[in-house]
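Notes follow once the structure below has been shown.
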Amino acid sequence: MKIILSGIGGFMGAEVAKLANAGYRDSSLAAGVDPNADGTYPVPVVPSFDRLKDIPEAEAADCVIDFSHHSATGDLTAYAVKNNKPLIIATTGQTEEELKMIREASEKIPVFFAANYSLGVALLIELAKKTAAMMPDAEIEIVEMHHDRKLDAPSGTALAIADAIKEVRADAELKTGRSGNGKRTPQEIGIHAVRMGNIVGVHEVLVGTQNQTITLKHEAHSRALFAEGALAAAGFLIGKPAGLYNMKNLIEG
């Protein structure tokens, strides 16, 4: 599969490019998009999506993978829809308006959108949901840790975990951080964000009663795992009908 890589000049873009250049999952790069790209790339790179029309290789690409920034959502979805390219979005922090753009695009093309492209995290989310359902009276706290360069807090993955738990706890109330005085409510799901050093990504879910506690934890050792997941998602998405897909769809096949 041939890929247009948005955000090729960033850290994660470089990880995807490295795997694609090595033929991971039979992938290869067709072109790149990055407004701040500099240096030498193995494929043509342009600063914006409207310049892709000048690259013949882009027309033959099978999909677009985005590891840039959520502010590019408008141009990204417009290009993918106009050119009928399956779209894999691997950014977080989207505004409500940007989320609407993604949903509207998925009505016309297949779109894969996930907060985290780790298969292990996808399993963690399912386990957290099942545990919350089996222990309806338990208190739940989510702790996520990332490097000091991450902009959004809480992480998209922490919110995805919380949203999954809310599917089995309709009265759940999310509380980001905790300060001041006051007892937690039974409905509360606390989310705590830590930013320091070069932590790749740690997500921990604590589910506890007065008598026992279950701790579910996923720790990423290398950011390359997210690049692997994005390429796996691309292979899954190509050939699918229009719709909005996520890691649960990938796990279920």
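Around atom NZ of K18, no more than 12 heavy atoms belonging to other residues, nucleotides or ligands sit under 6.0 Å away. Heavy-atom contacts from other residues, nucleotides or ligands closer than 6.0 Å to NZ of K2 number 12 or fewer. No more than 12 heavy atoms of other residues, nucleotides or ligands sit less than 6.0 Å from atom NZ of K82.
Closest approach of V46 and R51 over heavy atoms only: CB-CB, 3.6 Å. Of all the heavy atoms in F226 and A220, the pair that sits closest is CZ-CB, 4.1 Å. Closest approach of M145 to I199, counting heavy atoms only: O-CG2, 3.6 Å. Annotation for A227 and L19: closest pair CB-CD1, 3.7 Å, computed over non-hydrogen atoms. Shortest non-hydrogen contact noted between T92 and A115 is CG2-O, 3.5 Å. The two residues A160 and I125 come nearest to each other via the heavy atoms CB-CD1, 4.0 Å.
In this structure, H147 contributes its side chain and K150 its backbone to a donor-acceptor pair below 3.5 Å. Panel note: side chain Q94, backbone T91; a donor-acceptor pair is recorded below 3.5 Å. The backbone N or O of N36 sits less than 3.5 Å from a side-chain atom of D34, completing a donor-acceptor pair. Listed for the Y117 side chain is a donor-acceptor partner under 3.5 Å among the backbone atoms of I89. Of the possible donor and acceptor atoms, none in the side chain of D75 sits under 3.5 Å from a partner among the backbone N and O of A78. Counting only distance, with no hydrogens or angles, the side chain of K85 and the backbone of E59 share a donor-acceptor pair below 3.5 Å. Judged by distance alone, with hydrogens and angles left aside, the side-chain atoms of S27 form no donor-acceptor pair with the main-chain N or O of G23 at under 3.5 Å. The closest donor-acceptor contact from the side chain of E252 to the backbone of N249 lies at 3.5 Å or more, if one exists at all.
A 4.5 Å side-chain heavy-atom check between E57 and P44 finds at least one atom pair inside the cut-off. Within the 4.5 Å cutoff, no side-chain heavy atoms of K175 are placed close to those of I191. Contact annotation: the side chain of K130 never approaches that of L127 to less than 4.5 Å [non-hydrogen atoms, C-beta and beyond]. Between S6 and F67 the shortest side-chain heavy-atom distance does not fall below 4.5 Å. Between L250 and Y245 the shortest side-chain heavy-atom distance does not fall below 4.5 Å. The shortest side-chain heavy-atom distance between P86 and V64 does not fall under the 4.5 Å cut-off. Residues V143 and H192 have side chains in contact (heavy-atom distance under 4.5 Å, counting atoms from C-beta outward). For the pair R103/L99, a side-chain contact is recorded, criterion being any heavy-atom separation below 4.5 Å from C-beta on.
When the options L87, V33, D50, I4 are evaluated for a side-chain contact (heavy atoms from CB on, under 4.5 Å) with Y79, the one that passes is I4.
Interatomic distance, E98 CD to L76 CG, rounded to the nearest 0.5 Å: 10.5 Å. Atoms CD and CD, from E173 and E188 in turn, are 8.0 Å apart once rounded to the nearest 0.5 Å. Atoms CD1 and CD1, on I3 and I65 in that order, are 4.0 Å from each other to the nearest 0.5 Å. Summarising the geometry, atom CE belonging to M196 is positioned 11.0 Å from atom CG belonging to N198; distances are rounded to the nearest 0.5 Å. Remark: T73 OG1 to I102 CD1 distance equals 5.0 Å, nearest 0.5 Å. Residue H146 holds its NE2 atom at 12.0 Å from CG of L151, rounded to the nearest 0.5 Å.
Under the 4.5 Å side-chain heavy-atom criterion for ILVMFWY residues, a single connected hydrophobic cluster contains both V45 and M12. Following chains of ILVMFWY side-chain contacts shorter than 4.5 Å, one can reach I214 starting from I140, so the two form part of one hydrophobic cluster. No chain of hydrophobic side-chain contacts below 4.5 Å, direct or via other Ile, Leu, Val, Met, Phe, Trp or Tyr residues, connects I165 to L206. Hydrophobic clustering keeps V121 apart from L225 (ILVMFWY residues linked when any side-chain heavy atoms are closer than 4.5 Å, directly or through intermediates). Under a hydrophobic-cluster definition in which Ile, Leu, Val, Met, Phe, Trp and Tyr are linked whenever side-chain heavy atoms come within less than 4.5 Å, directly or via other members, L159 and L124 are assigned to the same cluster.
Between D171 and R169, no side-chain nitrogen of the basic residue sits less than 4.0 Å from a carboxylate oxygen of the acidic one, so the salt-bridge criterion is not met. A salt bridge links R195 and E144; the closest N-O separation between the charged side-chain nitrogens and carboxylate oxygens is under 4.0 Å. The pair E141-R178 meets the salt-bridge criterion, since a charged nitrogen lies less than 4.0 angstrom from a carboxylate oxygen.
At a cut-off of 3.5 Å, with distance as the only test, a side-chain donor of S68 or D66 sits close to an acceptor on the other residue. A side-chain donor-acceptor contact under 3.5 Å links H203 and S155.
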Residue pair D137, T209: steps toward the side-chain contact (heavy atoms from CB on, under 4.5 Å) verdict: CA-CA 7 Å; D137 298 324; T209 67; 5.5 Å; no
H218/T157 under side-chain contact (heavy atoms from CB on, under 4.5 Å): CA gap, chis, key distance, verdict: CA-CA 11 Å; H218 177 272; T157 300; over 6 Å; no
I8 vs V43, side-chain contact (heavy atoms from CB on, under 4.5 Å): CA-CA, chis, key distance, verdict: CA-CA 10 Å; I8 191 172; V43 293; 4.3 Å; yes
Worked check of side-chain contact (heavy atoms from CB on, under 4.5 Å) between M135 and Q212: CA-CA 11 Å; M135 302 175 67; Q212 61 183 326; 4.2 Å; yes
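The aromatic rings of F112 and F236 sit perpendicular to each other, their planes meeting at more than 60°, with 30° as the lower class boundary.
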